[in-house]
Amino acid sequence: MARSNDAVAAMLLEFAELLAISGGPPYKVRAYEKAAQAVEGHPAELATLRSAELDEIPNVGSQLARKIREFLDTGSVGELDELRARVPTGLRSLLTIPGLGPRRARQVYEELGITSPDDLLAALHEHRLRELRGWGARSEDNLAAAVREAQSAGERVRLGLALGVAERLLQRLRPLPQVQRVEYAGSLRRMRDSIGDIDILVASDDPEPIMRAVTELPVVERVISHGSTRTSVLTATGLQVDVRVVAPPSWGAALLYFTGSKAHNIQLRELALRAGLKLSEYGLFEVETDRRVAGEREEEVYARLGLPWIEPTLREGAGEVEAALHGTLPEVVTRADLRGDLHTHTDLTDGVAPLRDMVAAAAAAGHEYFAITDHAPLLHMQRMTTEKALAQRRRIRELDREAGPALLHGTELNIQPDGSLDWDTEFLSGFDIVVASVHSHFDQPRDVLTARLLRAIEHPHVNVIGHPTTRIVGGRSAIDVDLDEVFRAAARTGTALEVNSLPERLDLNGELVRRARHFGVRFAVSSDAHSVAQLGNLSFGVATAQRGWATRDDVINTYPLDELRRFLAKHDHAAAVR
DNA sequence: GCCGTTTTCGGCCCGACTGTTTTCAGTCG
């Protein structure tokens with residue numbers, strides 16, 4: 001998985017943190033942070049770029065290009081090593097404690113010799129911090145609470161879980177008489193694959209009762225802060241919820257602001273400044289007159305800045321603002337573009353719903369076509385047999401004569417450790433669609449794993465590689481494969497890569513979709529549903545594809561059925577390429 | 001350290017909340 005871009009970004013971030021702790025100029029710190037973000041989101045592999053090309057990356061200037069070059073060539077940077085020598089290693093870890101920033105981390109180091117979280121705990125226990133300038137008993141107590149909470153790890157949670165919590169909170173707040181509008185914002189609205197905290201925005205002319213009601217919600221474990229327009233609470237599950245109230249005329253600007261990302265917001269504000277405008281959560285204002293020129297709707301704010309409305313899923317400060325300015329922002333795929341689902345399971349293998357129920361749900365969801373892709377015999381625990389598969393095919397053909405979506409009989413093969421697959425080529429030719437996935441042996445060496453995936457991709461009847469990296473959000477990391485090779489082969493052979501919509505998978509993720517697009521890869525946004533309810537997860541997959549800037553044309557299950565069938569007749573594609 | 005339809009120098013996003021201060025610094029999002 002290791003891409004040089006990620007290593008360089010990590011190097012730059014370490015630089016930024018060490019600079020901040022050692023009292024470096026704030027704007028220099030931010031320059032490093034911005035460069036780290038630019039490098040991480042840059043489509044090209046940094047290690048393959050010449051020095052002049054490094055300099056051309058936005059927010060990377062001559063100085064940082066030189067340091068990046070040094071890092072790529074030698075694996076280290078002299079100046080960074082010097083900085084490391086000056087700053088004790090533990091100090092950086094202090095920055096992860098909420099409420100302790102670079103200035104105070106430096107203060108406790110210089111005045112109390114604290115260099116690690118353990119030192120900090122000891123000092124807190126002995127009440128030594130309250131003696132420092134700017135500190136008191138309260139700030140010491142708060143820091144102690146923050147350290148305890150950080151230790152009991154209120155970790156990031158998956159998209160699906162956070163969405164459920166947020167929707168229950170909205171149900172509680174919406175009926176309050178003072179509430180005019182309420183929506184979730186933040187990374188949840190951007191549909192990131194994991195969520196650190198939940199941001200909720202309320203439009204109201206009477207915020208006080210709402211703020212009080214938030215502190216009294218049954219899920220609240222502790223109130224972190226409670227002001228007249230902003231309240232932060234910690235839920236019993238350790239999830240932080242921030243609720244902010246603005247007046248209705250500021251709704252759009254506030255929604256924009258609280259949706260983020262931070263990098264996206266900063267870019268918009270810089271754009272505003274250059275136009276003599278000032279953007280805040282209250283609206284877009286003329287600097288000279290302080291007159292509000294936009295704010296009630298997001299679209300107005302973007303339009304006044306000369307931009308089209310940008311999907312929340314694209315707002316990562318990863319080039320979307322520049323692309324929007326130049327009119328080159330792609331029109332990304334939407335849920336409404338999807339005509340069908342190409343990866344689902346029934347109770348014949350590890351699904352929980354019978355075939356008929358899944359098909360009925362697909363019909364209710366408005367699908368034009370629907371593939372059933374139960375597991376194949378080599379995933380032994382699923383007890384699939386050739387006879388069962390053929391019997392299922394007959395039932396599907398019968399059901400297909402009824403009203404509802406066109407039914408495709410497919411299967412999800414198991415890619416063996418050597419890259420071989422279930423069944424022989426002739427039998428596989430009988431399926432309408434074939435998905436192939438890795439389900440075990442994740443720890444093979446990179447070259448073995450790469451060859452394994454390539455063999456499956458090259459197979460004449462494999463149409464889709466399921467959950468290509470096998471990562472589990474917050475759990476298992478992605479398998480170590482040469483993705484550039486995989487992307488090249490997938491594009492060449494007309495094999496789609498899946499964007500698996502299960503919230504614990506979201507695989508490929510948005511970043512990889514964006515990289516794969518550069519190779520001309522096509523995607524299948526699929527639910528991998530094992531139950532009727534999971535068919536609804538497709539919206540998570542769509543959001544993930546959007547994060548990767550995928551358009552309708554990039555996604556094969558937006559195609560009309562006849563066009564999809566042409567894509568699935570893989571050998572024709574290969575012939576066309578030649 | 002980066003960047004330029006106001007700039008190759010002088011800027012660099014904006015505001016809420018907390019706690020310690022009597023007017024502001026630090027942190028966060």
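Every chain is numbered from 1, with letters handed out A, B, ... down the list of sequences.
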Sub-4.0 Å heavy-atom contacts from residues 263-282 of chain A onto DNA chain B, ordered by number: A/I266, A/R269, A/E270, A/L273, A/R274, A/K278, A/L279, A/S280, A/E281, A/Y282
Span of DNA chain B, from the first to the last nucleotide whose atoms fall under 4.0 Å of chain A heavy atoms: B/dG1 to B/dG29
Any pair counted as ring pair (Phe, Tyr, Trp, His ring centres under 6.0 Å), so long as it reaches residues 95-132 of chain A, sequence neighbours left out: none
Pairs satisfying side-chain hydrogen bond (donor to acceptor under 3.5 Å, both in side chains), at least one member in residues 222-231 of chain A, at least two apart: A/E149-A/R222
C1' atoms of B/dT6 and B/dC12, separation to the nearest Å: 16 Å
Results of side chain to side chain donor-acceptor pair (under 3.5 Å) for A/S194 - residues two or more places apart only: A/R156
Listed once per pair and sorted, the salt bridge (charged side-chain N to carboxylate O under 4.0 Å, His left out) pairs that draw on residues 84-101 of chain A, sequence neighbours left out: A/E14-A/R84, A/E14-A/R92, A/E17-A/R92, A/D81-A/R84
Set of salt bridge (charged side-chain N to carboxylate O under 4.0 Å, His left out) partners for A/E140, sequence neighbours left out: A/R130
Within residues 210-219 of chain A or reaching into it, pairs that qualify as salt bridge (charged side-chain N to carboxylate O under 4.0 Å, His left out) - sequence neighbours excluded: none
Pairs where residues 232-250 of chain A contributes a residue and the test salt bridge (charged side-chain N to carboxylate O under 4.0 Å, His left out) is met, not counting sequence neighbours: A/R244-A/E281
Selection residues 14-43 of chain A - residue pairs positive for ring pair (Phe, Tyr, Trp, His ring centres under 6.0 Å), sequence neighbours left out: A/F15-A/Y32
Salt bridge (charged side-chain N to carboxylate O under 4.0 Å, His left out) contacts in which one or both residues fall within residues 49-59 of chain A, not counting sequence neighbours: A/R50-A/E53
Those residues of residues 126-140 of chain A lying under 4.0 Å from DNA chain B by at least one heavy atom: A/G134, A/W135, A/G136, A/A137, A/R138, A/S139
